[in-house]
Amino acid sequence: MEKVVIIGAGCAGLTAAIYTARAGLQPLVVTGPQPGGLLTTTSVVENFPGFPDGVGGFELMERMQNQAERFGARIEFGTVESVDLSHRPFALVVDARRVETEAIIVASGASHRRLGLESETKLENKGVSYCATCDGALPIFRDKPLVVVGGGDSACEEALYLTRFASVVHLVHRRDQLRASKIMADRALSNPKIRPVWNSVVTEILDVEQGRVTGVKLKNVRTGTEFILDCAGVFIAIGHVPNTQIFRGQLDMDEAGYIITKLGVFTNVQGVFAAGDCVDRVYRQAVTAAGMGCAAAIEAERYLSKLGK
Ligand code: NAP
């Protein structure tokens, strides 16, 4: 029987692991399919306090994991397939193995939102990507025009990163103003290699028949005009969807699937706490996720000590 299982090993999960491990609870952290979470796909994190020169996303997460392990956290690469929160101890199925636990911290994060086009699915890994840091340096993208879709910080970051490899980066956004923070928007729009394409949406990615990306079909949402933009790759950065499907019907969540919490980290089930991108649809920063992970860990510890564990 576990005292506390942490579902997810991103910023929130690993911070919760550091705190619960230091409290002597020997947490079991189940990583999910992306150990380290979305931050591992970021190039440089410039706004995490304590790193005045920035820190690589992967490095930051590796450091957090080492810190958690140093205090006794057990990190298990695996996926939680289902949970039963209807009685205590709670039961989880982790890669077909049953695990029982007194408390759970849900830090399952979020995944990249997709455009929802058939051609997007068919051309994934054939020129369609959700991660410039992971794929941007591939030879197929070198000195070629590329497209980034989105208008937030992620889209700006992806576009800026891709300027290292691309001949030009078309930043396709559905409005005429970026949602990104001013510093990121200014950086992107002042880069001579980045060309914004305003008020436009991708209606199809070409060319499924050739089995590789040759361009995108765009539609101007104001005029209705359709046009084709040649490119060798499409990087989609249009936000995220919370990874909360397995909790549906057991934890309260909003219509978009974000877990609804009280006082930050308390879910509707006593003994189950939630933190990070699976809860937070407002701030979604590494440091806020870490803060929530810390709060969830402290509350889990208090809960367990009340149970006498
Ligand atoms: P976001 O802020 O939610 O932006 C998503 C963008 O995609 C928006 O511009 C949105 O358009 C557009 N979009 C959404 N659905 C679309 C669709 N179906 N088709 C076309 N466009 C669509 O997401 P994000 O950029 O991933 O950022 C998430 C959070 O992480 C934010 O809080 C951000 O500040 C943070 N972040 C920070 C940094 C940094 O500081 N360096 C880097 C990355 C992320 P609309 O604008 O019209 O809604």
Side-chain angles (χ1 to χ4, degrees), residues 10-12 34 36-58 60-61 109-121 128-134 136 147-163 169-189 191 194 196-205 216-222 229 234-243 254-258 276-292:
C11 255
Q34 192 167 34
L38 279 177
L39 215 64
T40 55
T41 66
T42 302
S43 48
V44 181
V45 183
E46 289 185 332
N47 49 14
F48 201 87
F51 296 91
D53 303 319
V55 57
F58 187 86
L60 180 62
M61 300 319 297
S111 300
H112 298 290
R113 179 178 286 130
R114 304 168 71 92
L115 290 169
L117 302 170
E118 205 179 312
S119 50
E120 173 189 15
T121 310
V128 171
S129 168
Y130 300 85
C131 176
T133 330
C134 320
V147 159
V148 171
V149 188
D153 279 329
S154 299
C156 291
E157 194 173 81
E158 299 277 278
L160 284 161
Y161 184 77
L162 290 171
T163 57
V169 179
H170 301 286
L171 182 58
V172 174
H173 183 35
R174 63 184 178 183
R175 294 186 294 127
D176 63 359
Q177 204 178 12
L178 295 177
R179 170 180 299 279
S181 55
K182 190 172 178 330
I183 183 170
M184 294 299 285
D186 287 349
R187 258 187 223 171
L189 295 178
N191 188 305
I194 297 178
V197 182
W198 302 118
N199 302 311
S200 298
V201 292
V202 178
T203 54
E204 193 183 339
I205 300 173
V216 284
K217 202 182 265 181
L218 298 177
K219 183 179 174 181
N220 183 303
V221 291
R222 293 224 173 135
L229 202 56
V234 182
F235 289 80
I236 297 162
I238 58 169
H240 302 94
V241 284
N243 299 324
D254 68 14
E255 72 292 342
Y258 289 92
D277 282 3
C278 61
V279 176
D280 176 14
R281 61 184 306 159
V282 180
Y283 303 109
R284 295 180 290 185
Q285 304 296 307
V287 69
T288 49
M292 290 173 83

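Start at 1 and go down the list; that is how both ligands and their atoms are numbered.
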Taking every non-hydrogen atom, the tightest pair across Arg281 and Ala256 = NH1-CB, 3.6 Å
closest protein heavy atom to atom 41 (N) of ligand 1 is Glu157 OE2, 3.3 Å
Residue-ligand contact Asn47/ligand 1, heavy atom below 4.0 Å = yes
Among protein heavy atoms, which lies nearest atom 16 (C) of ligand 1, and at what distance?
-> Arg174 NH1, 3.3 Å
What pair of heavy atoms forms the shortest contact from Gly54 to Val44, and how long is it?
-> CA-CG1, 4.0 Å
So the atoms of ligand 1 within less than 4.0 Å of a heavy atom of His240 turn out to be 26 (O)
heavy-atom search around atom 31 (C) of ligand 1 in the protein gives Gln285 NE2, 4.0 Å
Does CZ belonging to Phe51 count more than 12 external heavy atoms closer than 6.0 Å?
-> yes
Could you tell me whether Phe58 atom CZ has more than 12 heavy atoms of other residues or ligands within 6.0 Å of it?
-> no
Going by the atom numbers of ligand 1, which of them fall below 4.0 Å from some non-hydrogen atom of Gly152?
-> 4 (O), 6 (C), 9 (O), 25 (O)
Element-labelled atoms of ligand 1 that are located less than 4.0 Å from some non-hydrogen atom of Arg175 | 45 (P), 46 (O), 47 (O)
Please state whether the rings of Trp198 and His173 are parallel, tilted or perpendicular, taking 30° and 60° as the class boundaries.
-> perpendicular
From the candidates Val44, Asp153, Leu39, the one that places a heavy atom nearest atom 34 (O) of ligand 1 | Asp153
Atom 23 (O) of ligand 1 has as its nearest protein heavy atom Gly239 CA, 3.6 Å
Protein contact of atom 7 (O) of ligand 1 - nearest heavy atom, named by residue and atom, plus distance | Ile238 CA, 3.2 Å
On a heavy-atom basis, the closest approach of Asn47 and Gln285 is ND2-OE1, 3.7 Å
Glu46 near ligand 1 by a heavy-atom separation under 4.0 Å | no
Identify the closest protein heavy atom to atom 44 (C) of ligand 1: which residue and atom is it, and at what distance?
-> Ser154 OG, 3.5 Å
Could you see which bit of Arg284 sits under 4.0 Å from ligand 1, with heavy atoms only: side chain, backbone, both or neither?
-> both
Closer than 4.0 angstrom: is that true for some heavy atom of Gln177 and an atom of ligand 1?
-> no
Looking only at protein heavy atoms, identify the closest one to atom 48 (O) of ligand 1 and say how far it is in Å.
-> Arg179 NH2, 2.7 Å
For the residue pair Ile236 and Arg113, what are the closest heavy atoms and their distance?
-> CG2-O, 4.0 Å
Nearest atoms (heavy-atom pairs only) where Cys11 meets Ala286 = SG-O, 3.6 Å
When every non-hydrogen atom of Ala159 is compared with those of Leu171, the smallest separation belongs to CB-CD1, 4.4 Å
